[in-house]
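Single-structure report; data block below.
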Amino acid sequence: MFCCKQLRLYRFQQFSTFRWCSQVFDQIEKESRRKIKISLFQDALKQAQEFKVKEEFIRFTLCDVNSQSQLIEAAVPANVLYSAIAQTYNLEFSLVERLYGEINSMNNFEDVFNAHKKSTSIQFSSLFQKIQEIFELSGGGCEEQKEVLVKDLLSLCSSAQEVKYLIRFLKKRMRIGLSTQSVSQLLDESERKRLLGYQSGSGDLQKGIPIQPQLAKSFQKENKEEEITMEKIKKKFLNDDLGGCYFEYKYDGERLQVHYTNGEVKLFGRSLEEKTNQFKELSNQLKGHFDNNKFDDVILDCEMICYHNGEILPFQEMQNKTYENSVYLSLVCFDILYHNKQILLNKTYSQRLQIYNSILKPITKQRQVISHIISHKFANENEMDRFYKQALLDGLEGIMIKRDTFYTPGSRNDWLKIKKEKDIDLVVLGGYYGQGKRQQWLGSFLLGIYENGRLHPIAKIGTGFSDQKLEELTKRYMSKPSGSCPSHLIGFKDQPHVWFSQNDVWEVTYDTVSASPLYPAQNSQLNTGISVRFPRFKRERPDKTIEQSGPIQDLVEEYFKVQKKEFL
DNA sequence: CGTGACTGCCC
DNA sequence: ATTCTGC
DNA sequence: GCAGAATGGGCAGTCACG
């Protein structure tokens, strides 16, 4: 009897301390094979369950304290966190910012830490509770309180490893190579609803709880370097079979999942946050529409767009009308997951299409509360191509092509998006230190464009580099004497960590031009700065001079073009 | 009470 | 959002 | 092909500060 108690006590301390948790994470992080990562996590989950900290352990893994309340602010603003670290370990703030705000290898940190080490590790459940208290703070003066509490937490750590994962949690980047998708697979549906806030759609569907949306993949992503042709799309995506697939315009708005059940409307965003209150007026209009039209219970997949005087406004306009004046908001439905007591996930798209077309009216130039998208079938590449080109002429983002398959939550396999991408030559002005796996490199760069004899910032860029390229670029620019901020950019709000003394030309791919409150690049026709949406690195252009960047005139014209499109 | 910095969520 | 990476 | 982890512009909301 006594022995048993001793054993239990021993195991309890082994398994439910924060040290146990950080050791599990360390193991998972070091393991590169995903299957093994998952099984390590699964084992840990069993132990966590045994000691009644399963929920906390999962939330810690996913850096999610409590998804119940949307109003919770950032747990710990970066500067508060850094300041707490700096004070706890007697470090310069700037050193924390550069180095210890993101602990990767233990080499540097262990010495610093050892002087402040606690000999016993805190119980995991009590650590989690303390973290929760931090999250619950809000209002004036809360940052100061948070700082105090974070200092407490840091001082409770018994190993440098614990500090590492605590910091990562507070920064909301656990980066152990295992995240929501893998965790989700290990949960049953009720745990999934409770802990992740969504349902997978396998088995029963519960209305009023969001379902992971199905997603699309991009055609150009799999076909870099090459021109988009409908012939290639037909061959690669459709297996030369045009028969079963549908073509639709891709509206540039905001994805919303609509649940209407028992006379109640609920809206959910793409990341499954509830948006009912954020779009209250739209929600009420929808309820009115559904009530009046004798609607059955439904779950609809829609794009929210914004109308003004018979025109659909571009994305940027929608964003800032959204909260001010929701009378313009409108939904375009493009799929249906549930209708009249029937789960439709395992119906083909043809069948679902027929249902949503039968209960909604097609989209028109005049705003309706809710309408449906128009689907087309095409017999050959010419028709496909004409449709795509017409979409671009009409000012849309591009088109979607959908296979005639079941609705698969989370999958990107059956929907293809085709967007027009453009290239432009820009000048690299400086660099910003990277985070996480890019900590020892520059992680992004400031780009400029030549106008009126000077270079003007127009965007940052941080994707499109292979690891090797990024390392090479970092070495190249960091080994040169660094430049300084040009006098005309002293007021620029997002100063690079390193200004480059040599300004090279890079070819950059982007999607659209946007009005910018941050970037000063403009010309005399504009009363605002401009920038580009979705910038990505394509290649270096050593053959070009900075004067050959742009020209900005092209971007300005593109910007004006988007402003006055009709979108239908 | 207004402004600027920061964060979370859209894309 | 886009992109790259290891499995 | 999947999942994860880097990174982008820009808006609304929150909080610190003057």
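Just so it is clear: chains get the letters A, B, ... in the order the sequence lines come, proteins before strands, and each one is counted from 1. Computed from a predicted structure; not experimentally measured. The analysis underlying the following values was restricted to heavy atoms, covering all of them including side chains, and did not include hydrogens, waters or symmetry mates.
Computed from coordinates, the A:Leu442 CG to D:dA6 P distance equals 16 Å when rounded to whole Å. Taking atom CD on A:Glu31 and atom C1' on D:dG4, their separation rounds to 15 Å, with Å as the unit. If you take NZ of A:Lys172 and C1' of B:dC6, they are 14 Å apart, rounded to a whole angstrom. One atom, CZ of A:Phe135, and another, P of D:dT14, lie 17 Å apart when rounded to the nearest Å. Separating the CE atom of A:Met318 from the P atom of D:dG9 is a distance of 18 Å, rounded to the nearest angstrom. For the pair A:Trp506 CH2 and D:dG8 P, the interatomic distance rounds to 12 Å; values are reported in whole Å.
Nearest nucleotide to the side chain of A:Arg175, out of D:dG8, D:dA6, B:dC11: D:dA6. In the set B:dC11, D:dG4, D:dG10, the nucleotide with an atom closest to the side chain of A:Ser179 is D:dG4. Here D:dC2 is the nucleotide among D:dC15, D:dA3, D:dC2 with the atom lying nearest to any side-chain atom of A:Ser411. Considering only side-chain atoms of A:Glu143, the nucleotide from D:dG1, D:dG4, D:dC15 that sits closest is D:dC15. Nearest to the side chain of A:Arg438, among B:dC10, D:dT7, D:dC11, sits D:dT7.
Nearer to the 5' terminus of DNA chain B, by closest-nucleotide assignment, is the contact made by A:Ala78 (compared with the other of A:Ala78 and A:Ser271). Across the interface with DNA chain B, nearest-nucleotide mapping of A:Arg255 and A:Lys493 shows A:Lys493 to be the residue nearer the 5′ end. Along DNA chain D, the nucleotide nearest to A:Tyr432 and the one nearest to A:Thr180 differ in position, and the one closer to the 5' end is contacted by A:Thr180.
At a threshold of 4.0 angstrom between heavy atoms, the contacts of A:Gln185 are confined to the sugar-phosphate backbone, with no base atom among them.
Qualifying ring pair (Phe, Tyr, Trp, His ring centres under 6.0 Å) partners for A:Phe445, counting only residues two or more places apart in sequence or in other chains: A:Phe465, A:Trp506. Every residue two or more places apart in sequence or in another chain was checked for a side chain to side chain donor-acceptor pair (under 3.5 Å) with A:Gln214, and none qualifies. Residues forming a salt bridge (Lys or Arg N to Asp or Glu O under 4.0 Å) with A:Glu29 (at least two apart in sequence, or on another chain): A:Lys164, A:Arg168.
The stretch residues 423-434 of chain A participates, sequence neighbours left out, in these salt bridge (Lys or Arg N to Asp or Glu O under 4.0 Å) pairs: A:Asp423-A:Lys538, A:Asp425-A:Lys544. Sorted pairs that involve residues 434-444 of chain A and meet salt bridge (Lys or Arg N to Asp or Glu O under 4.0 Å), not counting sequence neighbours, are lacking altogether.
Taken from CD in A:Gln199 to CG in A:Leu272, the straight-line distance is 10.0 Å, to the nearest 0.5 Å.
Under the 6.0 Å distance and 45° angle rule, A:Lys460 counts as a cation-pi partner of A:Tyr432. Geometric assessment of A:Arg533 against the ring of A:Phe315 yields a positive cation-pi assignment under the 6.0 Å and 45° thresholds.
Of the side-chain N and O atoms in A:Tyr510, none sit less than 4.0 angstrom from OP1 or OP2 of D:dG8. Side-chain N/O atoms of A:Gln181 include none lying less than 4.0 angstrom from OP1 or OP2 on D:dC2. Taking 4.0 angstrom as the limit, A:Asn79 places a side-chain polar atom (N or O) nearer than this to OP1 or OP2 of B:dC6.
Separating the C1' atom of C:dA1 from that of B:dG8 is a span of 15 Å, rounded to the nearest Å.
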Base versus backbone protein contacts along nucleotides 1-7 of chain C [heavy-atom cut-off under 4.0 Å; B, S, -]: SBBBSBS

